[in-house]
Number of protein chains: 4
Amino acid sequence: MSGVNKVILVGHLGKDPEVRHLDGNVTVASFPLATSEIYHKDGRKVEQTEWHNIVMWRGLAEVAAKYLFKGKLVYVEGKLRTRTYEDREGIRRYTTEVVAETFTLLGRKSDFDPPSATGNAAEQPAKKTGDTQSNVDFKENDGEEDTHF
Amino acid sequence: MSGVNKVILVGHLGKDPEVRHLDGNVTVASFPLATSEIYHKDGRKVEQTEWHNIVMWRGLAEVAAKYLFKGKLVYVEGKLRTRTYEDREGIRRYTTEVVAETFTLLGRKSDFDPPSATGNAAEQPAKKTGDTQSNVDFKENDGEEDTHF
Amino acid sequence: MSGVNKVILVGHLGKDPEVRHLDGNVTVASFPLATSEIYHKDGRKVEQTEWHNIVMWRGLAEVAAKYLFKGKLVYVEGKLRTRTYEDREGIRRYTTEVVAETFTLLGRKSDFDPPSATGNAAEQPAKKTGDTQSNVDFKENDGEEDTHF
Amino acid sequence: MSGVNKVILVGHLGKDPEVRHLDGNVTVASFPLATSEIYHKDGRKVEQTEWHNIVMWRGLAEVAAKYLFKGKLVYVEGKLRTRTYEDREGIRRYTTEVVAETFTLLGRKSDFDPPSATGNAAEQPAKKTGDTQSNVDFKENDGEEDTHF
DNA sequence: TTTT
DNA sequence: TTTT
């Protein structure tokens, strides 16, 4: 039946993606994304931030693990999914997530480098220095196609 | 800073909108919207339905009360908002809603009529017969502008 | 480089898709799509129709040939592409098209049937009667994936 | 009837906006916007740039004149409009434009400053230094509303 | 928990 | 004509 379920976000990652590997060699990455809007109320400027739970699967999760880090500005396109789970107290809860289908890193070239080699660099998939790639557009089944985006 | 928070849905209303009037002459309408997607798994066709909580404010809520009914197919554009509340047991819960900024009724002219004059017709703002309007596009502050959308 | 180029349309086909088969077994379908908006100017209601040139490639073109006909209401998602060509008088012209990446048929089940068996039915891929399929969501590389949309 | 006509772009301005003032105190701004996509063909990376003609009216044109400059990265949301005109040789031509309804500047704070005070600064509406505003979200009738975006 |  |  007749459905469209599409979300378009541009915002900053609140944390590095959390990457898990499920059975069957399936990768999942998830992270919070902040979108802010500024509006004016009674002459004052007010910033309101909305937090979104982003989930990426398989190939998209793997490129997310390589290119997305806390603070990066990213365009995310995906769909809404509300699922149910039990919290630690056994209470049934609902959570709404954005299951990403594409993302595009925004910002300047230097923004696409991983954080500089201090502290937590060890656990991050290193992006080679000298790589001149300056932008990243990804879709869910990237790699297979030799053509378009 | 730098934010985009946009949701685009096409689906059917699961119920008539529930309309409330808040202090200060503010109208709010809300209803569940179903978007379905069909995919193929192991040769079988599977339909998966996602339910969204739609909220409309002020003028948009008022036109929703006039034109939107259970079963109608509608295009909704808005933004995500997650808010917290306490349920009847005093448990703090989160809910994610789509705050609509525009909607467009889809389908044929007859679909824009209110349900036929049995049962609950009384409490529904009647759409005149003979009205040839066959489509409805609305934005948040409809009425004020004398121009386009 | 950082790019997003996305078009979202809901409108009616102005004609049946024109389907061509290029070298290398590549199918292309194209058709005009009308999107209308109603606005109010000086108290009068004005309807303004915009026409879009839609182009579909390969698998998407093939499903378009099966399910899309003049008058159908369809959701189309794609990207803008402006290309140059020479008209019959040798004048260099530009045309902007929407290269579709997905489409979804909207409307009721009966709307998905091909036009009844008079006139041009012969050249249309018949959709069996009795088929209960009531909705069609397609993406560019449909068929390969056994999962989601 | 039943229309949706929406374009979503993220790209860089190819030129400073060209601003005109029409009769009746109406401002129009227009500029080319580049969206690039990178894809892989036969192992080679290929970048393809698409150029869009963006048009902004009234209040939106005025804020564009203040904040948008050649090279800036911007999110633009609007609708497609194809219009006809006669070129200098009297040939009737068509052009498709994106009539913007909203835009959001993307990138870091320093990107929101006007070009430094050399060369062409004279003809640009100066953005005061010391202004700490770091992001700009605008809609068509900005200024009137005291609330949301 | 982001960004400015 | 942008950006990397």
Side-chain angles (χ1 to χ4, degrees), chain A residues 9-18 30-39 45-54 67-76 98 103-113 115 120 127 130-137, chain B residues 1-5 82 94, chain C residues 1-5 82 94, chain D residues 9-18 30-39 45-54 67-76 98 103-113 115 120 127 130-137:
Chain A
L9 304 172
V10 176
H12 290 92
L13 280 83
K15 296 182 184 173
D16 286 353
E18 181 184 318
S30 58
F31 55 87
L33 187 80
T35 58
S36 302
E37 94 178 63
I38 292 169
Y39 61 91
K45 194 180 345 179
V46 182
E47 175 169 352
Q48 186 170 332
T49 296
E50 190 67 37
W51 286 97
H52 311 272
N53 302 311
I54 312 295
Y67 293 103
L68 297 184
F69 300 101
K70 176 175 175 175
K72 294 304 181 199
L73 181 65
V74 68
Y75 168 92
V76 172
V98 175
F103 74 84
T104 299
L105 259 171
L106 303 174
R108 49 186 65 184
K109 178 172 149 36
S110 60
D111 292 339
F112 305 150
D113 295 328
N120 60 351
K127 181 141 165 307
D131 188 340
T132 60
Q133 175 156 23
S134 56
N135 153 273
V136 192
D137 280 349
Chain B
M1 134 322 112
S2 302
V4 173
N5 173 359
T82 298
Y94 293 88
Chain C
M1 134 307 135
S2 305
V4 174
N5 173 358
T82 298
Y94 293 87
Chain D
L9 303 173
V10 176
H12 291 93
L13 280 82
K15 295 182 183 173
D16 285 355
E18 181 184 318
S30 57
F31 57 86
L33 187 79
T35 58
S36 302
E37 96 179 63
I38 292 169
Y39 61 91
K45 195 180 343 180
V46 182
E47 175 168 354
Q48 187 171 330
T49 296
E50 191 67 38
W51 286 96
H52 311 272
N53 302 311
I54 311 296
Y67 293 103
L68 297 185
F69 300 101
K70 175 175 174 174
K72 294 304 183 199
L73 181 65
V74 68
Y75 168 92
V76 172
V98 174
F103 73 85
T104 300
L105 259 172
L106 302 174
R108 49 186 64 183
K109 176 173 149 36
S110 60
D111 293 339
F112 306 148
D113 295 329
N120 61 351
K127 181 144 168 305
D131 187 340
T132 60
Q133 176 158 20
S134 57
N135 151 273
V136 192
D137 279 349

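So you know, we letter chains A, B, ... as the sequences are listed, proteins then strands, and number each from 1.
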To the nearest Å, give me how far apart [atom1] ([X]) and [atom2] ([N]) are.
X: D:Y75; N: F:dT2; atom1: OH; atom2: P; value: 25 Å
X: D:K70; N: F:dT3; atom1: NZ; atom2: P; value: 7 Å
X: C:Y94; N: F:dT1; atom1: OH; atom2: C1'; value: 13 Å
X: A:D16; N: E:dT1; atom1: CG; atom2: P; value: 14 Å
X: A:H52; N: E:dT3; atom1: NE2; atom2: P; value: 16 Å
X: D:E50; N: F:dT2; atom1: CD; atom2: P; value: 16 Å
X: A:F69; N: E:dT2; atom1: CZ; atom2: P; value: 17 Å
X: A:L33; N: E:dT1; atom1: CG; atom2: P; value: 16 Å

Could you pull out all residues at least two apart from A:E18 that satisfy side-chain contact (heavy atoms from CB on, under 4.5 Å)?
A:R20, A:S30
So does A:F69 get a backbone contact from the side chain of A:D16, meaning a donor-acceptor N/O pair under 3.5 Å?
no
Can you tell me how far apart CG (D:L33) and CZ (D:F103) are? Round to the nearest 0.5 Å.
12.0 Å
Interatomic distance, D:F31 atom CZ to D:N53 atom CG [nearest 0.5 angstrom]:
10.5 Å
Out of [options], whichever nucleotide has its closest atom nearest the side chain of [X]:
X: A:P32; options: E:dT3, E:dT1, F:dT3; value: E:dT1
X: D:K15; options: F:dT4, F:dT1, E:dT3; value: F:dT1
X: D:W51; options: E:dT1, E:dT3, F:dT2; value: F:dT2

